[in-house]
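Structure first, then comments.
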Amino acid sequence: MAKIKITQIKSVIDRSERQKKTIEALGLRKINQSVEVEATAAIIGMVRKVNHLVAVENI
């Protein structure tokens with residue numbers, strides 16, 4: 001499987017609880033924090049739901 005690097009670029013303040021929990025489930029806690037994860041269908045779906053808060057790079 002391919003890996004992707006997800007970086008949080010915007011705050012979760014004033015976002016819905018669902019978006020906050022999605023960001024947390026991706027392993028992100030702070031702005032500019034990055035995580036490397038496998039590009040599974042579940043992860044890609046979560047990234048699509050919060051794509052306005054994160055930046056994604058292929059590794």
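Counting from 1, the numbers follow the sequence of the chain as shown. Because only heavy atoms are used, hydrogens play no part in the values below, and waters and symmetry mates are left out as well, while side chains stay in.
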Taking distance alone, no hydrogens or angles, what donor-acceptor pairs closer than 3.5 Å link side-chain atoms of residues 10-24 to residues at least two apart or in another chain?
| from | atom 1 | to | atom 2 | distance (Å) |
| --- | --- | --- | --- | --- |
| Ser11 | OG | Ile13 | N | 3.0 |
| Ser16 | OG | Gln19 | N | 3.3 |
| Thr22 | OG1 | Arg18 | O | 2.8 |

Worksheet item: Which residues satisfy the side-chain contact (heavy atoms from CB on, under 4.5 Å) test with Thr40, sequence neighbours excluded?
Response: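 With neighbours one apart ignored, the set is Met1, Glu38, Ala42, Ile43.
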Item to complete: Please name all residues satisfying side-chain contact (heavy atoms from CB on, under 4.5 Å) with Lys49, sequence neighbours left out, ordered by chain then number.
Response: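 Residues passing side-chain contact (heavy atoms from CB on, under 4.5 Å) with Lys49: none at all.
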Worksheet item: Leu53 versus Leu28: any side-chain heavy-atom pair under 4.5 Å?
Response: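 Of all side-chain heavy-atom pairs linking Leu28 with Leu53, none is under 4.5 Å.
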Worksheet item: Linking I/L/V/M/F/W/Y whenever their side-chain heavy atoms sit closer than 4.5 Å, directly or via other members, would Leu26 and Val56 fall into one cluster?
Response: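 Yes; tracing contacts between hydrophobic side chains, which count when under 4.5 Å, links both residues.
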Worksheet entry | Partner of Val54 by side chain to side chain contact (heavy atoms under 4.5 Å, CB included), out of Thr7, Val35, Ile6 |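 Exactly one candidate clears the test, Ile6.
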Worksheet item: About how many Å separate CD1 of Ile9 and OG of Ser34, when rounded to the nearest 0.5 Å?
Response: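 Going from the OG atom of Ser34 to the CD1 atom of Ile9 covers 10.5 Å.
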Item to complete: Give the minimum heavy-atom separation between Ala39 and Ile44, together with the two atoms involved.
Response: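 Reported closest heavy-atom pair: O-CD1, 3.9 Å.
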Discussion item. Looking at every non-hydrogen atom in both residues, tell me the closest pair between Met46 and Ala25 and how far apart they are.
Written reply: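 Smallest interatomic distance, heavy atoms only, reads SD-CB, 4.1 Å.
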